[in-house]
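See below for the structure under consideration.
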Amino acid sequence: MLRARQLENKLSSLYKAGKIVGGVYLGRGQEAVSASLGAALVQGKDIFAALIRDQAGRTAFGEPLIDCTRTYLGSVLGPMKGRDGNIHRGRPLDGMPAMISHLGAQVSVVAGMLFARRMKGELPGVVGATCVGDGATSTGAFHEGVNLAAMEKLPLVIVVANNQFAYSTSTDRQFACHDLVDRARGYGIPGYSVDGTDFLACTTVIGEAVQRARNGGGPQMIVAKLLRLSGHGEHDDGSYVPDTMKAGPYGRDCIEVAMRQMTEGRYATVDELAAWQDETADEVQRAVAQAQQEPIPDPYTAEWNALSTQFFKPE
Amino acid sequence: MLRARQLENKLSSLYKAGKIVGGVYLGRGQEAVSASLGAALVQGKDIFAALIRDQAGRTAFGEPLIDCTRTYLGSVLGPMKGRDGNIHRGRPLDGMPAMISHLGAQVSVVAGMLFARRMKGELPGVVGATCVGDGATSTGAFHEGVNLAAMEKLPLVIVVANNQFAYSTSTDRQFACHDLVDRARGYGIPGYSVDGTDFLACTTVIGEAVQRARNGGGPQMIVAKLLRLSGHGEHDDGSYVPDTMKAGPYGRDCIEVAMRQMTEGRYATVDELAAWQDETADEVQRAVAQAQQEPIPDPYTAEWNALSTQFFKPE
Amino acid sequence: MECPFHPILQTRVSVTYIDAIREAQAKLLREDERVFLYGQDIATFGGAFKATKGLAEEFPGRVHDAPISEDAMIGLAVGAAIEGMRPIIEMQFADFSSIAFNQIVNQAATHFYRTGVPVPLTVRLPSGGTPGSGPFHSQSMESIYAHYPGLIVLTPATVSDAYHMLIDGVAMQDPVIYCEHKFLYRWLKAKSISDDHLPIGQARIVRPGKHATVVAYSAMVHEAVRAAERLHEDGWEIEVVDLRSVKPLDMDTVLASVARTGRLLAVGEAFPWGGVTAEVVARTASEGFHLLDAPPMRLNARDTPVPYHPKLWAAHRPTPESICEAIRQLLSF
Amino acid sequence: MECPFHPILQTRVSVTYIDAIREAQAKLLREDERVFLYGQDIATFGGAFKATKGLAEEFPGRVHDAPISEDAMIGLAVGAAIEGMRPIIEMQFADFSSIAFNQIVNQAATHFYRTGVPVPLTVRLPSGGTPGSGPFHSQSMESIYAHYPGLIVLTPATVSDAYHMLIDGVAMQDPVIYCEHKFLYRWLKAKSISDDHLPIGQARIVRPGKHATVVAYSAMVHEAVRAAERLHEDGWEIEVVDLRSVKPLDMDTVLASVARTGRLLAVGEAFPWGGVTAEVVARTASEGFHLLDAPPMRLNARDTPVPYHPKLWAAHRPTPESICEAIRQLLSF
Ligand SMILES: Cc1ncc(C[n+]2csc(CCOP(=O)(O)OP(=O)(O)O)c2C)c(N)n1
Ligand SMILES: Cc1ncc(C[n+]2csc(CCOP(=O)(O)OP(=O)(O)O)c2C)c(N)n1
Ligand SMILES: [Mg+2]
Ligand SMILES: [Mg+2]
């Protein structure tokens with residue numbers, strides 16, 4: 001979580017300094033939710049389809065920081081080799097599918113991965129998880145994917161981070177239901193609500209849902225309420241977010257809450273946290289420095305191959 | 001209802017006699033639901049996007065029988081002029097949009113018609129309605145359409161005819177929820193259940209929902225349970241429908257139920273119903289005979305114009 | 001050598017195009033445990049066209065009825081392919097793949113380029129027109145998918161190709177769009193299927209000739225052959241090339257044929273703007289300009305949706321008559 | 001005569017391509033009460049590219065934020081158009097129209113043919129590549145939509161065309177796919193916009209020449225002009241044709257140009273299989289074979305998804321350098 005925040009702060013400065021082309025999308029304010037999910041999953045076994053604001057979840061799941069910096073900075077040594085950027089990275093063979101931009105589209109992909117695992121005899125035991133935003137719940141792909149997973153009774157955990165906005169669009173232009181958790185019943189799956197700014201609540205609720213999926217309980221939906229604490233991307237100042245909302249219950253910073261919860265609950269001392277913060281700051285620095293030194297793609301030697309198949313011509 | 005059943009019986013024989021090319025899709029068993037909806041709407045004012053099994057609703061809404069026979073028989077005088085067939089007919093300017101095959105796609109079209117009516121100052125007062133099957137609820141288009149209508153608070157009435165099958169696929173391969181009516185809450189709209197074989201219940205529940213929409217109550221969802229009493233199309237004998245289901249509560253014929261309800265409730269006498277039946281049989285006969293005499297499309301004189309715009313070339 | 005067919009088939013006197021598709025799937029299921037089928041009404045019912053008849057019983061747990069969720073069906077296939085499976089997805093009609101368009105062109109097609117991980121999945125598209133099937137059950141979408149990098153688009157025209165290309169397509173590491181023509185399903189029959197077959201990526205000279213080359217694919221191959229037969233009566237020898245796959249496109253065979261004949265007509269059943277015939281003619285003009293003795297020609301369907309009425313339908317797509325007419329025009333230069 | 005621009009614009013020294021799009025929408029909203037705008041983040045926020053900045057305030061109740069439901073957005077537009085409205089739908093990026101693909105090609109495009117009732121709706125597609133935007137925010141989908149009967153596909157390359165073609169497109173009775181190029185948004189400026197303009201359906205000679213014709217559209221027109229300028233230094237006079245709309249395709253202008261030059265290069269930013277360049281080359285070869293003194297050529301993007309890294313991106317699409325090279329090759333025949 002901390003690492004993610006620090007990494008993202010760094011990405012933001014790199015973007016503002018013109019070192020990153022394209023866009024930078026941050027998960028500020030969503031770290032508690034995302035990290036709780038990533039931490040509840042087991043790398044090498046489970047599947048985590050991270051979305052746009054899941055740096056914290058990725059880190060918690062075990063994605064190395066360098067994957068992030070390499071992808072943002074376009075290093076050819078990164079998992080996407082400069083072919084795709086930023087949050088679109090992944091390592092599908094390590095349980096980390098690489099998102100396409102089209103919202104909602106990853107839900108059925110994770111379902112398919114789980115479906116395959118079942119055919120291979122690996123279920124129950126494995127969990128597949130993905131996050132979506134409030135806006136993504138309006139997509140047909142989300143609906144089809146969740147419904148299919150429910151019908152197939154797959155161990156899919158869907159975390160909906162209702163951060164009150166989809167880009168600039170507030171939830172009243174997105175849906176009319178009282179609470180998105182009401183959708184769960186319509187899919188015939190359990191739904192849970194959680195305050196996304198409350199780290200301990202997130203770990204508990206999400207951790208339990210993951211456990212239920214793991215034990216054969218079928219798909220689980222968690223709806224976390226919170227507020228996006230940045231613009232949609234770093235090009236956006238988010239000036240449309242009303243001050244009242246920022247001052248409201250979801251406006252608090254989950255990282256601060258988590259730090260307090262850690263110390264108050266005696267999970268860690270203030271000193272330990274500070275030391276940890278220094279350590280992660282170093283790690284981030286190193287990951288950025290390393291990626292910056294690495295080669296970027298060379299169009300002249302690049303392979304332009306959209307297919308893995310090579311068609312040989314007869315002589 | 002009666003007219004629809006008789007018409008459809010006739011279509012079935014025409015199909016079996018090779019007089020209709022393509023397919024014939026019947027609404028047998030669904031007449032009570034469909035007719036209740038069609039009858040609750042006002043032609044010339046409301047919108048009714050009929051779907052695959054809505055002959056009864058179309059007739060009740062006021063679509064002339066001849067539109068049906070002309071379209072099935074390919075008369076150039078029909079609303080589709082032989083360019084499209086069977087259930088794909090409509091008269092969009094008279095509040096009867098013409099369905100495309102892709103399930104779920106009509107929901108947002110009706111929403112758009114209502115959206116326009118609102119911009120033109122015709123709301124509240126007007127209702128737009130459409131039917132979908134249990135299978136169509138799995139489409140992304142259905143989800144996006146219902147959600148958009150709910151968000152826009154449009155007077156859309158959605159009738160889900162859960163006839164236990166989508167083609168050959170039973171509902172356990174379609175969704176996992178206990179009852180499709182549970183979806184309504186997730187969209188933030190009221191949902192009602194009704195026994196689709198019970199004509200009086202259908203008129204009451206659907207009639208009231210239409211009224212609520214008309215009065216500004218926003219979208220309404222009605223889920224009717226029933227059994228499809230034919231194959232998917234007349235090419236399909238529906239042999240996959242288990243006998244227990246046919247013998248079960250939804251297996252009863254809504255037309256028989258309706259006739260009984262009419263006589264028992266003294267809405268009509270047995271004689272009146274019999275006379276009515278004769279009359280409609282005549283009407284059906286005339287509509288078929290007329291369409292059969294009419295010209296079919298002539299490819300040599302046909303206009304091949306997908307655009308209404310004519311682009312003029314400069315001299 | 002004959003293929004080791006399922007007993008059902010061995011006792012038949014002839015094999016139809018749809019039999020071949022069914023048998024190819026049976027063989028794949030039998031021989032490769034990574035293969036599974038997912039599609040609407042394909043399990044107990046055996047599919048809208050019976051292409052999977054009996055397979056659910058024969059291969060328990062390997063043939064699954066899908067909900068009406070084409071987008072999620074392809075998403076599922078991509079996910080399963082990442083995990084090493086070889087899903088075959090049946091679209092009930094090619095036309096409904098429009099719902100899965102995003103997952104096909106953006107998820108499946110880009111996956112290997114983006115991540116280095118291939119997604120070997122096959123999408124079966126029952127394609128093309130039949131009388132009375134109308135605007136939404138008649139489409140030919142090969143040109144749409146071929147436009148996108150990262151997809152292999154197969155268009156078998158014969159019973160043998162229907163069989164072997166499905167097997168070879170499923171064996172490929174990349175996403176395959178397998179366009180099977182509904183008109184050929186039961187109409188096209190073969191005595192048997194031999195093991196000999198061309199690899200994917202090679203076109204085939206169906207009928208040799210020297211006066212003009214007609215390039216076609218899928219059902220249009222048969223219409224082109226009919227046209228060639230008629231013209232043969234008048235002494236013309238028309239070479240007919242079956243592209244077999246539209247991506248990859250075997251321009252070598254096309255150019256070699258045009259080198260022999262000097263004349264080219266490309267025939268397709270799809271809409272006239274762009275598409276296979278444009279690609280074939282454009283590439284021939286670019287790569288084989290000096291081979292051409294006359295302007296290359298195209299014949300496509302008309303520029304309207306596919307009409308419902310059989311009379312209109314028959315005039316909407318190319319027919320032996322209209323192909324003959326086009327060839328005569330081509331020969332008159 | 002100058003257009004009666006919004007005060008904001010009148011005081012500016014120059015008008016950008018995106019200003020023109022904004023102003024065209026303002027004018028349409030002002031003058032035609034049937035017009036309304038529907039799209040993600042277009043109301044208060046003014047759109048991802050600010051193409052609707054301030055319009056929600058200026059025209060209350062006429063500019064609506066959409067949910068992330070591209071399929072339903074186009075369904076809504078079709079319904080509203082049936083009812084006589086003139087919706088303009090903004091896709092946030094052309095690439096996301098893949099979600100609306102079915103409603104565009106099957107609902108909107110077939111409506112007039114099937115029912116006789118036209119559906120005058122306009123879909124704005126922010127198209128084409130920019131550095132760093134990657135596989136899903138860079139696509140050029142004009143060829144996909146142009147393949148389908150029933151759609152008009154506009155590809156303005158200039159500030160004036162961005163303005164007038166949007167206005168003229170919205171006035172048309174049929175569904176219009178308006179492909180606006182993101183690279184041109186702020187980079188392309190004009191002093192002002194005159195009222196003079198060509199009708200939709202006519203291509204334009206951007207730069208006259210006599211040695212070869214380069215046919216391009218959208219952003220590639222500017223790359224082609226740059227290439228022509230470079231070659232001018234070597235004494236070559238290259239004619240550049242801006243197609244303006246890819247459907248309808250003004251072959252008269254293309255053929256007239258090729259008649260003058262004898263040589264054709266078609267340049268497009270889309271994927272190489274099929275598409276606009278194939279259609280242009282195929283039709284020129286068919287309809288203007290005798291005009292050609294050399295094999296007609298094509299230059300497209302490479303056959304991979306659009307890469308993210310600016311270095312790769314720049315090598316993926318045609319550039320003035322690669323266009324120059326192609327023209328030199330064309331001239332060497
Ligand atoms: C299908 C689709 N339409 C539009 C977009 C453009 N887009 C990218 S992010 C975004 C907002 C997403 O909102 P939400 O799902 O709430 O996630 P958040 O950004 O709030 O985390 C939009 C509209 C997209 N990526 N995919
Ligand atoms: C998007 C889409 N996929 C597949 C089909 C093919 N199809 C036509 S009707 C049908 C079954 C529909 O079932 P349901 O919605 O329950 O309606 P019912 O036929 O039972 O009235 C299917 C799969 C289609 N029309 N549209
Ligand atoms: Mg959000
Ligand atoms: Mg049903």
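Keep in mind that this is a model prediction, so the values were computed, not measured. Every chain is numbered from 1 and lettered A, B, ... according to where its sequence line falls, protein lines coming before strand lines.
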Heavy-atom distance under 4.5 Å to chain D: side chain of [X], backbone, both or neither?
X	answer
Ala136(A)	backbone
His232(A)	neither
Ile100(A)	both
Thr71(A)	backbone
Ala302(A)	side chain
Tyr72(A)	backbone

Got a sec: does the [atom1] of [X] have more than 12 other heavy atoms crowding it under 6.0 Å?
X	atom1	answer
Lys246(A)	NZ	yes
Arg302(D)	CZ	yes
Lys53(D)	NZ	no
Lys81(A)	NZ	no
Gln292(A)	CD	yes

Non-hydrogen atoms of [X] and [Y] that approach each other most closely:
X	Y	value
Asp65(D)	Arg173(A)	O-NH2, 2.6 Å
Ser101(A)	Phe136(D)	OG-CB, 3.3 Å
His309(D)	Leu73(A)	NE2-O, 4.4 Å
Leu312(D)	Trp304(A)	O-CH2, 3.3 Å

Atom group of [X] that falls short of 4.5 Å from chain A, counting heavy atoms:
X	answer
His137(D)	side chain
Asp303(D)	backbone
Thr44(D)	neither
Glu70(D)	neither
Thr130(D)	neither
Ala48(D)	both

### Query
Between Asp236(A), Asp84(A), Leu103(A), Thr139(A), which has the largest tally of heavy atom pairs under 4.5 Å with chain D?
Asp84(A)
### Query
Taking Pro299(A), Pro297(A), Gly74(A), Gly22(A) one by one, which has the highest count of heavy-atom pairs under 4.5 Å against chain D?
Pro297(A)
### Selection from Pro310(D), Gly132(D), Gly134(D) maximising heavy-atom pairs under 4.5 Å formed with chain A
Gly132(D)
### Task
Carefully, step by step, assess Phe96(D) and His102(A) under the rule side chain to side chain contact (heavy atoms under 4.5 Å, CB included).
CA-CA 7 Å; Phe96(D) 300 134; His102(A) 300 70; 3.3 Å; yes
Drop me the distance from [X]'s [atom1] to [Y]'s [atom2], to the nearest 0.5 angstrom.
X	Y	atom1	atom2	value
Ser69(D)	Gln174(A)	OG	CD	6.5 Å
Asp41(D)	Tyr240(A)	CG	OH	7.5 Å
Ile42(D)	Ser168(A)	CD1	OG	10.0 Å

### Query
Would you call the rings of Phe45(D) and Tyr167(A) parallel, tilted or perpendicular if under 30° counts as parallel and over 60° as perpendicular?
tilted
